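Data block below; observations after.
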Amino acid sequence: MTKIIPVALILIGILMWRYPARASFNRRNQYGVEIFKSYGNMRTRRLFEGLIRFAGAILLLVGVGQFFVPKQYSLSNLPRPGNPSPKAAEPTQHHRH
């Protein structure tokens with residue numbers, strides 16, 4: 001159950017990484033040249049697709065990281081509001097010398 005979020009992040013990251021490449025392929029003509037309506041359109045599309053690729057790479061890396069991180073350090077193990085944190089529930093011991 002705890003591996004659902006990392007797997008979802010990995011899949012979403014892969015889709016976000018691949019979308020711009022597919023869009024770029026679909027814009028190419030028979031000579032392999034990308035066709036845009038205008039220079040502004042080209043700059044906007046490339047910026048948008050670059051941001052999507054960057055966000056996809058981040059999601060992919062976070063998903064892989066969460067997949068291999070031990071459960072005690074996982075994001076799913078963070079304390080919830082209203083619940084005591086695992087460290088706060090433990091009694092503190094002070095050693096006096």
Side-chain angles (χ1 to χ4, degrees):
M1 176 89 173
T2 61
K3 298 296 182 187
I4 292 174
I5 292 174
V7 169
L9 288 173
I10 291 169
L11 291 175
I12 291 169
I14 289 172
L15 290 174
M16 288 175 69
W17 181 259
R18 294 299 302 155
Y19 166 75
R22 185 171 184 267
S24 174
F25 176 79
N26 289 336
R27 278 194 304 269
R28 296 185 186 275
N29 65 11
Q30 66 269 23
Y31 303 110
V33 177
E34 284 188 77
I35 304 298
F36 293 96
K37 294 178 184 176
S38 67
Y39 178 75
N41 184 286
M42 184 259 312
R43 299 295 294 167
T44 303
R45 292 295 298 184
R46 287 194 177 165
L47 175 67
F48 175 70
E49 290 170 359
L51 291 174
I52 287 181
R53 280 184 74 107
F54 181 74
I58 297 296
L59 284 178
L60 184 63
L61 291 174
V62 167
V64 168
Q66 283 296 308
F67 192 80
F68 292 111
V69 165
K71 185 177 181 198
Q72 65 193 25
Y73 301 114
S74 176
L75 289 175
S76 61
N77 202 27
L78 290 175
R80 306 286 189 271
N83 292 343
S85 68
K87 290 187 179 184
E90 298 174 5
T92 57
Q93 297 177 354
H94 296 286
H95 297 284
R96 295 186 181 225
H97 296 185

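As the structure is a computational prediction, the values presented were derived from the model and not from experiment. Basis for what follows: all heavy atoms, side chains included, without hydrogens, waters or symmetry-related copies. The first residue in the sequence is number 1, and the count goes up from there.
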Next on the checklist: Tell me the closest heavy-atom pair linking Pro6 and Gly63, and the distance in Å.
Outcome noted: CB-O, 3.4 Å
Checklist entry - What about Leu61 and Leu51, same hydrophobic cluster or not, with Ile/Leu/Val/Met/Phe/Trp/Tyr joined at side-chain heavy-atom distances under 4.5 Å? => result no
Checklist entry - How about Val7 and Leu11: do any of their side-chain heavy atoms sit closer than 4.5 Å? => result yes
Checklist outcome for this item: Closest non-hydrogen contact found for Lys3 with Phe67 is NZ-O, 2.6 Å
Next on the checklist: Would you compute the distance between atom CZ of Arg53 and atom CZ of Arg18 and round it to the nearest 0.5 angstrom?
Outcome noted: 7.5 Å
Checklist entry - Cluster question for you: counting only ILVMFWY and a side-chain heavy-atom cut-off of under 4.5 Å, with indirect links fine, are Val64 and Ile14 together? => result yes
Checklist entry - How long is the span from the CD1 atom in Ile52 to the CG atom in Leu47, to the nearest 0.5 Å? => result 10.0 Å
Checklist entry - Looking at side-chain heavy atoms only, is the closest gap between Arg45 and Glu34 below 4.5 Å? => result no
Checklist entry - Under the side chain to side chain contact (heavy atoms under 4.5 Å, CB included) criterion, do Trp17 and Leu60 qualify, and how do the steps go? => result CA-CA 9 Å; Trp17 181 259; Leu60 184 63; 5.7 Å; no
Checklist entry - Is the number of heavy atoms from other residues, nucleotides or ligands under 6.0 Å of Phe36 CZ greater than 12? => result yes
Checklist entry - Between atom CG of Leu9 and atom CD1 of Ile4, what is the distance when rounded to the nearest 0.5 Å? => result 12.0 Å
Next on the checklist: Atom CZ of residue position Arg27 - does it have more than 12 heavy atoms of other residues, nucleotides or ligands inside 6.0 Å?
Outcome noted: yes
Item to check | Any Tyr19 side-chain heavy atom under 4.5 Å of Leu15 side chain | outcome: no
Next on the checklist: Are Met42 and Arg46 packed together at the side-chain level, in the sense that at least one heavy-atom pair is separated by less than 4.5 angstrom?
Outcome noted: yes
Item to check | Atom pair NZ/OG1 of Lys37 and Thr44 - distance to nearest 0.5 Å | outcome: 12.0 Å
Next on the checklist: Between Leu59 and Met16, is there a side-chain heavy-atom distance shorter than 4.5 Å?
Outcome noted: yes
